[in-house]
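Quick notes on the structure that follows.
Computation of the quantities below employed the complete heavy-atom set of this structure, encompassing side-chain atoms and omitting hydrogens, waters and symmetry-equivalent molecules. These numbers come from a predicted model, not from an experiment.
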Amino acid sequence: MEKGTPSPPSVISSLLKKVKDKELREFIEAYALENNHFQTEFLLRFADRLKVAGKEKFLLLIRQVIEQLQHDAKVTDATIIRTMADQLHSLLQKAEDQLAIKNYLDPFHLAVALIEEVHPILTRLDDPDALLKGCIIRSFSILDNIVTTDAGPDLKELIFESAMQEAVRADYRLTGLEEQWFDILMDAAVSEHRQLQLLDLLNQLIHETGSHHKGGISERYEEYFLRKKITLLDSMGRAEEAKKVVEENLRIRAFRRQLIEESMAKEDFATAKELIKASKLSDQQKGRLYISSEWDELLLKIAVAEDDIRSIRQTGLRLFYDRFNITFYQQVKSTYDAEKWMKEVEKIIATLKAETHYGLKGIRLLAALFIEEKYWTRLLQLMQKNASLEFVEDYYDLLKEKFPAELVEIYREALRRYAEHNMGSEHYNYVVKTIRKIQSLHTGNEVAKALTTEFKVKYSQRRNMVKALNKLVF
């Protein structure tokens, strides 16, 4: 802009002083009819001047936000969602400002209108960043805030009644938002009358989910409603009934574990073991087949607490073979003296190698065992038989000082296979990095140089690879 030329804002300010009110109103009306975005921004800016009030005012505003974008075929779903979310958050911020000064009615109407109008959109448009979902959750937060403050009882009752109706709608379950309604119900149910109403609803939902029980999602929902019931009963001073809910619903996996852990905490190990036995049987009946389970981890804890050496060994090894976790191996090892352990280790190694599912995980587990026992020569032999570059890299630091010449040869074969099957700049740079590592090993320089020459000739058509290899200096 040239010196002395007024800026656009100052020109507009000057011009507005000369434009008559009637002319300005006519221009705004005409422009708003042509520009949906301006129309929406104008409505949001002067919403407090609208003649309609209450929920109808916010329904008008939210529908305008939605319609302004959905009628534009050139606008992508991502743009629709982002713009819509920004404008809705602007309304929500004003509502939260009203809550801060204890004005509850408009925030209530906005939250209800927003949930009602925006939630159906989640079933039609993809919302990968949860922008619209975030607006809905913020609306739920406003409602929850109202029921937990000193807002009038009539307004709280209205929220409670609305939540009772909305919480059972299937479409909220589809979007994962039904829990928001139940959070409000739990906070709003402060009188005995409301608590009993909510208890009846929970019992109805528990019956419905339980009667269609097929595990998986149904079990998770049944557990959710049962937990809400337990919390509600506790808040009503009915702790014994709450405890009974857990005991009567041991088909729910989490409840079984809860009862087992409570028995263990009280050192009632006999009860805990009986419950674990029943849990394993229940899992088998549901077709869950495995060598060990989370129940075995609890059995191992009990065995340690009771200093039951035999059980520690049996259960610990079962978990070690199934979970590929060296921690269980170490627990078993701690129960043997050094002489007896030497013999036991060989049995364990033989068992690992004999496993039909002995694959990459089994090899890794065997490597971990060799490291635990400091069987460096056997670890080297394992690397020689399984010379993938990734496998070699993982144990390089442990063996580089002990077997540098052997590592050079292992690297040579592993890198040849890697170079043959991997193309692209990222892989070429990794090849160069690995050759440098070979070069750093004792006796490795000549092998590194030979590999570099070999790759340049064999892969001469891979120009980027040759370019990367040319960076090496010998």
Using residues 184-193 as the side-chain source, report each donor-acceptor pair under 3.5 Å to any protein atom, sequence neighbours left out, with the distance given to one decimal.
| unit_1 | atom_1 | unit_2 | atom_2 | d |
| --- | --- | --- | --- | --- |
| Ser191 | OG | Arg194 | N | 3.2 |
| His193 | NE2 | Gln197 | OE1 | 3.4 |

Would you tabulate the side-chain donor-acceptor contacts of residues 160-168 under 3.5 Å, counting partners in other chains and residues two or more places apart, or write 'none'?
| unit_1 | atom_1 | unit_2 | atom_2 | d |
| --- | --- | --- | --- | --- |
| Glu166 | OE1 | Arg169 | NH1 | 2.6 |
| Glu166 | OE1 | Tyr172 | OH | 3.1 |

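- Every residue meeting the side-chain contact (heavy atoms from CB on, under 4.5 Å) condition with Asp86, not counting sequence neighbours, appears here in chain and number order: Arg82.
- With Ile142 as reference, Ile146 is the one residue of Asp144, Ile146, Asn145 to meet the side-chain contact (heavy atoms from CB on, under 4.5 Å) rule.
- Under the 4.0 Å criterion applied to side-chain N and carboxylate O atoms, Arg257 and Glu261 are assigned as salt-bridge partners.
- Considering Phe370, Phe320, Phe324, Tyr336 in turn, Phe320 is the only one that fulfils the ring-ring contact (aromatic ring centres under 6.0 Å, His included) rule with Tyr329.
- A donor-acceptor distance shorter than 3.5 angstrom exists from the side chain of Asn386 to the backbone of Leu382, with no hydrogens or angles considered.
- Taken to the nearest 0.5 Å, the CD atom of Glu222 stands 11.5 Å off from the CD atom of Glu208.
- Using the six-membered ring where Trp is involved, Tyr418 and Tyr430 have ring planes that are perpendicular, over 60° apart on the 30 and 60° scheme.
- Taking the side chain as every heavy atom from C-beta outward, Met465 and His427 never approach each other to under 4.5 Å.
- For Asp394, the salt bridge (Lys or Arg N to Asp or Glu O under 4.0 Å) partners two or more places apart in sequence, or in a different chain, are Arg364.
- Atom OG of Ser388 and atom CE of Met383 lie 9.0 Å apart (nearest 0.5 Å).
- The distance from the CD1 atom of Ile260 to the CG atom of Leu299 is 8.5 Å, given to the nearest 0.5 Å.
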Return all side-chain donor-acceptor pairs below 3.5 angstrom for residues 125-133, not counting sequence neighbours, or 'none' if the list is empty.
| unit_1 | atom_1 | unit_2 | atom_2 | d |
| --- | --- | --- | --- | --- |
| Asp127 | OD1 | Ala130 | N | 3.4 |
| Asp127 | OD1 | Leu131 | N | 2.9 |
| Asp127 | OD2 | Leu131 | N | 3.3 |
| Asp127 | OD2 | Leu132 | N | 3.1 |
| Asp127 | OD2 | Lys133 | N | 3.1 |
| Lys133 | NZ | Thr175 | O | 3.0 |

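- Taking each heavy atom of Gly316 and Phe328 in turn, the nearest pair found is O-CB, 3.4 Å.
- You'll find the side chain of Leu92 reaches within 4.5 Å of the side chain of His89, heavy atoms only.
- Checking side-chain atoms of Thr123 against main-chain N and O of Pro120 turns up a donor-acceptor pair under 3.5 Å.
- Asp307 pairs by the side-chain contact (heavy atoms from CB on, under 4.5 Å) definition with Ile309, not counting sequence neighbours.
- Residue pairs meeting the ring pair (Phe, Tyr, Trp, His ring centres under 6.0 Å) criterion with at least one member in residues 237-272: none, sequence neighbours excluded.
- Side-chain contact between Asp183 and Lys228: present, with at least one pair of heavy atoms (C-beta onward) separated by less than 4.5 Å.
- Remark: Glu179 pairs with no residue by the salt bridge (Lys or Arg N to Asp or Glu O under 4.0 Å) rule, at least two apart or across chains.
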Just do the side chain to side chain contact (heavy atoms under 4.5 Å, CB included) check on Ser263 and Leu275 with the steps written out, would you?
CA-CA 9 Å; Ser263 298; Leu275 286 166; 4.1 Å; yes

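- Other residues, nucleotides and ligands place no more than 12 heavy atoms under 6.0 Å from the CD atom of Glu267.
- Listed by chain and number, the residues in a salt bridge (Lys or Arg N to Asp or Glu O under 4.0 Å) with Lys102 are Asp150 (sequence neighbours excluded).
- With hydrogens and angles ignored, the 3.5 Å screen pairs no side-chain donor or acceptor of Asp322 with any backbone N or O of Arg318.
- For the atom pair CD of Glu96 and OG of Ser141, the computed distance is 6.5 Å after rounding to the nearest 0.5 Å.
- Under the 30°/60° scheme for interplanar angles, the aromatic rings of Tyr221 and Phe225 are found to lie parallel.
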Would you check, one step at a time, whether the test side chain to side chain contact (heavy atoms under 4.5 Å, CB included) holds for Leu114 with Leu91?
CA-CA 10 Å; Leu114 192 148; Leu91 282 172; 5.8 Å; no

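- Ionic pairing of Glu223 and Arg253 is not present here: no N-O contact between side-chain nitrogen and carboxylate oxygen is shorter than 4.0 angstrom.
- With contacts defined as side-chain heavy-atom distances shorter than 4.5 Å, the pair His109/Lys57 does not qualify.
- Contacts of Glu240 classified as salt bridge (Lys or Arg N to Asp or Glu O under 4.0 Å), with partners at least two apart in sequence or in another chain: none.
- Donor-acceptor pairing under 3.5 Å is recorded for the side chains of Gln93 and Asp97.
- Between Leu158 and Val112, the closest side-chain pair of non-hydrogen atoms is not below 4.5 Å.
- Contacts classified as ring pair (Phe, Tyr, Trp, His ring centres under 6.0 Å) and involving residues 139-158 (residues at least two apart or in different chains) are given here: Phe140-Trp181.
- At least one donor-acceptor pair closer than 3.5 Å links the side chain of Arg256 to the backbone N or O of Leu250.
- Side-chain atoms of Arg313 come within 3.5 Å of backbone N or O of Thr335 as a donor-acceptor pair.
- Remark: Asn249 engages Arg251 in a side chain to side chain donor-acceptor pair (under 3.5 Å) (not counting sequence neighbours).
- Contact check on Lys280 versus Asp296 returns a salt bridge, with a Lys/Arg side-chain nitrogen under 4.0 Å from an Asp/Glu carboxylate oxygen.
- Rounding to the nearest 0.5 Å places CD1 of Ile115 at 5.0 Å from OG of Ser139.
- Distance CD1/Ile137 to CD/Gln180: 5.0 Å, rounded to 0.5 Å.
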